[in-house]
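Below is one structure, written out as structure tokens; the observations come after it.
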Amino acid sequence: EVQLVESGGGSVQPGRSLRLSCAASGFTFDDYAMHWVRQTPGRGLEWVSGISWNSGTIGYADSVKGRFTISRDNAKNSLYLQMNSLRAEDTALYYCAKDSHDFDYFHYWGQGTLVTVSS
Amino acid sequence: QSALIQPASVSGSPGQSITISCTGTSSDVGNYNRVSWYQKHPDKAPKLVIYEGSERPSGVSNRFSGSKSVNTASLTISGLQAEDEADYYCCSYAGSSTLIFGGGTKLTVL
């Protein structure tokens, strides 16, 4: 059974940093691209970033480019999102999602970790 | 990266059919066969219901179907049931290793 468990969320002040993690199990992690998708009450679902199986291809939404960094450790079956210079508009529930292959679609989702950016 | 355009809300009675549109451009929906649809119930993770425009994952009811014409993709739900009431989001590959969602559509089953 595919399982994706996010962690690392919390409450942080604007301008600070936070690192999210996603622990994957139940599939061959290094065969698939992985993504971060967030949900905000006002803007629905928003794709944040994706990374190919070997980290050779990485993409970011314009809204986070230059501030967020996605990475993965295939030996640890883990996905990460380093979030710097956080803004109030980054407040959201952040989901880790498994791709079907390589930037195709989100086959499985975690339950999410909540990030709140507020002074 | 502008969001794909979806109607804010649609509604239908049990047993009826509804269609949700998802309009993009020739740079995303129109250029790739990588449109997917997700069902989102409150406090639940999104669930894939359609991929590659019209393919249904194993376990998803055949009441869900998808199609695409030029720059617009559509999700049709036939034989509406109360459990179908949810938010629905389309998503497309947009080139350069990016993906883009629609703004979401709230389906109300009357």
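Remember, predicted model here, so these are calculated numbers, not experimental data. Quick note on labels: first sequence line is chain A, next is B, and so on, each numbered from 1.
Here B/Tyr89 and A/Phe106 keep their ring centres 6.0 angstrom or further from each other. Between A/Trp36 and A/Phe68, a ring centre-to-centre spacing not shorter than 6.0 Å is recorded.
The existence of a salt bridge linking A/Asp90 and A/Arg87 is excluded, since no basic side-chain nitrogen approaches an acidic carboxylate oxygen closer than 4.0 Å.
A/Tyr95 touches chain B through its side chain: at least one heavy atom from C-beta onward sits under 4.5 Å away, while N, CA, C and O do not. For A/Ala97, no part lies near chain B; criterion is any non-hydrogen pair under 4.5 Å. Contacts between B/Ser97 and chain A at a heavy-atom distance below 4.5 Å involve backbone atoms as well as side-chain atoms. Looking at A/Tyr60, only its backbone comes within 4.5 Å of chain B, counting heavy atoms on both sides. Contacts between A/Ile58 and chain B at a heavy-atom distance below 4.5 Å involve the backbone alone (N, CA, C, O).
Across A/Val37, A/Leu93, A/Leu45, A/Asp62, the residue that shares the most heavy-atom pairs under 4.5 angstrom with chain B is A/Leu45. When each of A/Ala61, A/Gly112, A/Ser52 is checked for heavy-atom pairs under 4.5 Å with chain B, A/Ala61 comes out on top.
At least one donor-acceptor pair closer than 3.5 Å links the side chain of B/Thr25 to the backbone N or O of B/Ser27.
In summary, of the residues considered (B/Val60, B/Ile77, B/Val49), a side-chain contact (heavy atoms from CB on, under 4.5 Å) with B/Trp37 occurs for B/Val49 alone.
Both tests pass for A/Arg19 against the ring of A/Tyr80: distance under 6.0 Å to the centre and angle within 45° of the axis.
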